[in-house]
Structure formats: structure tokens, C-alpha cells
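Predicted model only: the values in this text are computed from it and were never measured. Only this structure's heavy atoms are used, side chains among them; waters, hydrogens and symmetry mates stay out. Order of the sequence lines fixes the chain letters, A, B, ..., with proteins taken first and strands second; residue numbering starts at 1 for each chain.
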There are 2 protein chains.
Amino acid sequence: MSGAAPDLPALQRAQSLADQAYQAIREGIATGTFAAGERVTERGLAARLHVSPTPVREALRRLEQDGLIERVSARELRVVEHSPESLHELLLTGAALRALEARFATSKLDEAALDRMAAIVDELGADPVRTIAEYLRLAREFDREIEQAAGNPTLRGLIQSVTFMGQERRMRSIENMRFHPDVAAHRIQGHRDILAALRSRDPDTVERIFRHHAVAGVDLLLTDLDPTQDADRSQGRITG
Amino acid sequence: MSGAAPDLPALQRAQSLADQAYQAIREGIATGTFAAGERVTERGLAARLHVSPTPVREALRRLEQDGLIERVSARELRVVEHSPESLHELLLTGAALRALEARFATSKLDEAALDRMAAIVDELGADPVRTIAEYLRLAREFDREIEQAAGNPTLRGLIQSVTFMGQERRMRSIENMRFHPDVAAHRIQGHRDILAALRSRDPDTVERIFRHHAVAGVDLLLTDLDPTQDADRSQGRITG
DNA sequence: CCGCGACAGATGCTATAGCAGCGTTGCTAT
DNA sequence: ATAGCAACGCTGCTATAGCATCTGTCGCGG
């Protein structure tokens, strides 16, 4: 026997309709089912979800607090539409938050975790032109190591909240990466640098390097999305 | 005449009961009307607030999302009780967020704003042993300059959310400052240093200095609250 | 005296109904 | 034809009632 059976995560009771509505609408916003700027109503959504307006209302209020829904007037709710500036600000803030999380993780990552991350980086570097899904999976695994080591649920919640707001455009842009292998190479180099910084055990370096690459990723993302835009984003720049 | 009448902020229509309940409960948590760890129920609060359970329910869900209320079981809601560790983590995260906001503000603060901040610092330095309320008012004014210059509502929202969670203990601790003039002196010196950093126009310096003082403030706060605790907080330290 | 089971109260969740405010539409009067 | 007004409908908000589930207690049996 390999020891006592480990604790399994407690089975979640079936979520409430309000929770399901929350996730469904959130998902709908992320996937584009609800376009940015589109008006939504309690009764309309309730009909589409085959529930009463009550749980829908709750979901909308939470989404409003999340910044995904806004009330343009007293009786008009709309899916938030981010201006290029606010989206930039959003992604920049997210980048800084994730860099901060990496800082928290610096002193707590053990050798085993660093080795796992090295394996991920190697796998990424072995064949830079893999599928997007594969890249995303590995990158997420890399981030998860940092997340777990940091062990700061408060910060994690903030990151989740911020990153989600730009998710739709982000995902579309990630798909474009298929046509920009140099972008992928850039990001992979970022992972390499971050890992090296973590190995140095210096929190300042970790946060600086992480932030640098995350911000560069944001710039790539936005210029990729909107090629007509000027590449110079020194305005409000987050890195020195 | 001194020009056309400026736009006044639009008068908010009377807030909904749900909003009022949200603020009332939030306030109750901050002021200690609802103790940390205390159980709350929809119907109980509804009776105390003289409204129906519906708006109270909504308020509770939002507070739950804020991290002020937690569900300990499927049918038991409690006011969140922060462990010393999680409180420390919370305040540290808040400190880093505010430092980040200061970074955003660095390039956007005009001379007039810097002069106003200098006046505040001078006023603080003139008589270090003023009342707590006076100190808080001035410090808030100082922060507001940074906040306005940064102009990052997303980040601002995160800061609001995080800072509020530790507010109750924070306020009690601030009251203790009355008996610790050296703490006040320390903080005032912090404001001086931050202002000097802002004048240097170097974002890295600004963020570093701001974070340094904010973290020091957190340490003072916690050791002040719990004198038995070891002063060495290098564990999870946010500054190099 | 201890244990187990049933009943009653409490609690969160959902549906429904009705209210008040606002916008729109269509009609009417000039 | 156009301007004004009135009625209708849409929308968010609140209250209430009922349901399902859990908890705590009381009583009965061993």
C-alpha cells in the first residue's frame, strides 16, 4: 500500500441556479454570445436560461461588481465595452499583479517545483510551433506552480477577476499566435528568463523580470489585435 | 465671474434597499456591530433592517464575493475572521497595490498636485502630535492626489476591496497611535520620502519607496496590535 | 443511563406577483 | 404637418409564499 487514502476534495453540492446563471452569463460574455455593449435584461436572460428572474438578478449584480456588466442608466444594464485604453490599463494591472504573485512565490518554491517548471520550459522550447492548446496548457501549468507556491488567495482572487475581463480578446489574440511563431518564441524566452530569476531567489529580480515579460506580452497582444496602432506605448508604461 | 459653473456630480437617485443593506452590513462589520466569526442569517438581518429577505440576500452574496462574509457550510453564513497570517497577507497585498498605483501616478502628477502634497506634508510635520482624525484626513488627502493622478479605476477598485477587509483592526490600531507619537513620526517621514520619490519622476523609485513605507506601516500596525508577536516578519516579506 | 429516531423549527433558495418609474408610440389638436 | 399629451408596455426592485434540506431536540426504547 502506498499509505492512507488521501483526502478527496469534498463533492460540491449542486450549485444554486444563481451560481449557474452567474457562470453561464460570464461564459457567454467571454465567448461572445453576449457582445460587448449589448443590453441585457433580467427577464430576457431568465427566459433564455429557463429560470425565474430572481437568480438571474443575483448573477447580474455580481457581474456588475466584477466589472463585466455596467448600468448605463437606472434601468439599463449592458455588457461592459472596454476602450483600448481601459483594456490596456486592465492588462497592465493584471501583469503587475501576477508579477507580485511571482514575488510572493520566490522564497517558497522548492527545488521539486523549480524542476517541474524547468521541464515545462524544456518542453516548450523543444518544438516552438506546437498547437495553441498545447502551449496554453503548459503555460497554465507553469503559472500554477507559481500560484500554489505564492499561496495568497486574496491576490489570486484579484488576478482572476482582472484577467477575466480581457479574456475574450485575449483568447482571440492567442489564436492568432498560430500565425506568429516569433511571438510564441518571445513568450517561451520569457518563461525561461522567469525561471532563471526564480532560481536566483531574489524577489526584486523575479518581480522585475516577470513584470517585464508580462508587459511585453500585453503589448504584443494589443498590437497584434490592432496592427494600425502605434507600437510606442510609453504612455502610462509600467516598466521603467 | 470666474467662468461658467462647473458640472456638479449628478445626484444619485435614492439607492435601492439592496445597496443600502450592503452598505449597512459592511459598515456593521467594520465598526464591530457584527463581530468576526458571528453568524448572520438572511431573515435575521432582514428583521433588523426592517426589509424583506430579498435585498438582504443580494447584499450578502455581494459581501461574500468581497470576502467579508463566508459560507462555512451550505446553510451557514459567517462574518469572515482573519487569521493573523491572512490579515498580514491582506495588508501586504494592499500595500503592494497602492505602491503600484503610485507608480502609475508618477508620470501623471503635475506640479500643482506635487505642491499640494508638499503642503500636506508640511502641515503634518509642523505638529506631529495632532489628533488622529486630523492625521487621517491629511493622509487621505495625500493619497487622493495619487489616486486621481493614477486614474486607474480597476486598480482602485481592487485597493478598495482589499483595504476594507482589514479596516476594523486597522482603525483600532490607528487609535492606538495616540499613544505612540514615534509611529506617527515614522509615517510622516514616509510621506516625505514618497513625495521626494515622486519629484524624482522615476517610477521604479516611487514604487519601491512607497512599498517600503507601506510595508513598514503594516508591520508597525500588527506589532502594535499584538505586542507579544515576534517583530521578525521576514517570512513572506514583500520587500527584498 | 445511553442511544437512536422522529418531529419541529430554522435557513437558504426559487418562483411569482405587484409596484413605481421611464420610454415609446400613437393619437389628437392646433 | 407638427407639436404635445396620454396610455401602454418594459424594466428593475421588493415583498411574500412555498419548497427542500439541515439541525437540534425531545421522547421512546433498550
Side-chain angles (χ1 to χ4, degrees), chain A residues 9-29 33-81, chain B residues 9-29 33-81:
Chain A
L11 293 183
Q12 300 265 354
R13 161 152 240 85
Q15 301 177 67
S16 68
L17 292 184
D19 285 335
Q20 293 182 49
Y22 173 76
Q23 292 182 3
I25 300 170
R26 213 176 131 114
E27 193 73 15
I29 292 174
T33 304
F34 302 108
E38 180 177 345
R39 184 178 185 184
V40 292
T41 65
E42 295 178 358
R43 286 171 171 84
L45 289 173
R48 291 183 66 169
L49 296 172
H50 301 93
V51 294
S52 82
T54 309
V56 171
R57 170 181 174 70
E58 224 181 74
L60 286 176
R61 296 291 281 219
R62 287 207 276 158
L63 291 166
E64 193 182 340
Q65 198 166 354
D66 284 348
L68 270 67
I69 297 283
E70 68 182 346
R71 45 186 351 104
V72 51
S73 79
R75 309 209 326 269
E76 203 173 341
L77 295 171
R78 291 194 174 275
V79 177
V80 166
E81 194 168 12
Chain B
L11 293 183
Q12 299 266 356
R13 159 152 243 85
Q15 300 177 67
S16 68
L17 292 185
D19 285 335
Q20 294 182 49
Y22 174 75
Q23 291 181 4
I25 299 170
R26 215 175 128 114
E27 193 72 15
I29 292 174
T33 305
F34 302 106
E38 180 177 345
R39 182 176 186 184
V40 292
T41 66
E42 295 177 359
R43 286 172 171 82
L45 289 173
R48 290 183 67 169
L49 296 172
H50 301 95
V51 294
S52 81
T54 309
V56 171
R57 170 181 174 70
E58 225 180 72
L60 286 175
R61 296 290 281 217
R62 286 207 277 157
L63 291 166
E64 193 182 338
Q65 199 167 355
D66 283 347
L68 271 68
I69 297 284
E70 68 182 345
R71 45 185 351 104
V72 52
S73 78
R75 304 159 20 123
E76 203 172 341
L77 293 172
R78 291 193 174 278
V79 177
V80 166
E81 194 168 13

Checking [X] now: which residues fulfil side-chain contact (heavy atoms from CB on, under 4.5 Å) with it, not counting sequence neighbours?
| X | answer |
| --- | --- |
| Arg75(A) | none |
| Gln20(B) | Gln15(B), Leu17(B) |
| Arg48(B) | Thr33(B), Phe34(B) |
| Ala24(A) | Leu49(A) |

From [atom1] of [X] over to [atom2] of [N], roughly how many Å is that when rounded to an integer?
| X | N | atom1 | atom2 | answer |
| --- | --- | --- | --- | --- |
| Gln15(B) | dC13(D) | CD | C1' | 14 Å |
| Glu76(A) | dC13(D) | CD | C1' | 17 Å |
| Leu17(A) | dA20(D) | CG | C1' | 13 Å |
| Arg71(B) | dC22(D) | CZ | P | 13 Å |
| Arg75(A) | dC13(D) | CZ | P | 10 Å |

**Request:** Please identify each residue that fulfils salt bridge (charged side-chain N to carboxylate O under 4.0 Å, His left out) with Glu81(A), with sequence neighbours left out.
**Result:** none
**Prompt:** Listed by chain and number, what are the salt bridge (charged side-chain N to carboxylate O under 4.0 Å, His left out) partners of Glu76(A), not counting sequence neighbours?
**Reply:** Arg78(A)
**Asked** Does anything in residues 37-44 of chain A reach DNA chain D, meaning a heavy atom under 4.0 Å, and if so which residues?
**Response** Arg39(A), Val40(A), Thr41(A), Glu42(A), Arg43(A)
**Prompt:** Of the residues in residues 51-60 of chain A, which ones touch DNA chain D at a heavy-atom distance under 4.0 Å?
**Reply:** Arg57(A)
**Request:** With a 4.0 Å heavy-atom cut-off, tell me which residues in residues 62-70 of chain A come close to DNA chain C, sorted by residue number.
**Result:** none
**Asked** Which heavy atom in Pro55(B) sits nearest to a heavy atom in Ala21(B), and how many Å separate them?
**Response** O-CB, 4.4 Å
Just distance, no hydrogens or angles: give the donor-acceptor pairs under 3.5 Å from side chains in residues 65-72 of chain B, sequence neighbours left out.
from: Gln65(B); atom 1: NE2; to: Asp66(A); atom 2: OD1; distance (Å): 2.6
from: Gln65(B); atom 1: NE2; to: Asp66(A); atom 2: OD2; distance (Å): 3.3
from: Asp66(B); atom 1: OD1; to: Gln65(A); atom 2: NE2; distance (Å): 2.5
from: Asp66(B); atom 1: OD2; to: Gln65(A); atom 2: NE2; distance (Å): 3.2
from: Asp66(B); atom 1: OD2; to: Tyr22(B); atom 2: OH; distance (Å): 2.3
from: Arg71(B); atom 1: NH1; to: Glu64(B); atom 2: OE1; distance (Å): 3.0
from: Arg71(B); atom 1: NH1; to: Glu64(B); atom 2: OE2; distance (Å): 3.1
from: Arg71(B); atom 1: NH2; to: Ala74(B); atom 2: O; distance (Å): 3.4

For residues 56-63 of chain B, which side-chain N or O atoms pair as donor and acceptor with protein atoms under 3.5 Å away, sequence neighbours left out?
from: Arg57(B); atom 1: NE; to: Glu58(A); atom 2: OE2; distance (Å): 2.4
from: Arg57(B); atom 1: NH1; to: Glu42(B); atom 2: OE2; distance (Å): 2.9
from: Arg57(B); atom 1: NH2; to: Glu58(A); atom 2: OE1; distance (Å): 3.4
from: Arg57(B); atom 1: NH2; to: Glu58(A); atom 2: OE2; distance (Å): 3.0
from: Glu58(B); atom 1: OE1; to: Arg57(A); atom 2: NH2; distance (Å): 3.4
from: Glu58(B); atom 1: OE1; to: Arg61(A); atom 2: NE; distance (Å): 3.3
from: Glu58(B); atom 1: OE2; to: Arg57(A); atom 2: NE; distance (Å): 2.4
from: Glu58(B); atom 1: OE2; to: Arg57(A); atom 2: NH2; distance (Å): 3.0
from: Arg61(B); atom 1: NE; to: Glu58(A); atom 2: OE1; distance (Å): 3.2
from: Arg61(B); atom 1: NH2; to: Asp19(A); atom 2: OD1; distance (Å): 2.8
from: Arg62(B); atom 1: NH2; to: Asp19(B); atom 2: OD1; distance (Å): 2.6

**Item:** Under-4.0 Å side-chain N/O to phosphate OP1/OP2 contact, Arg61(A) with dC13(D)
**Value:** yes
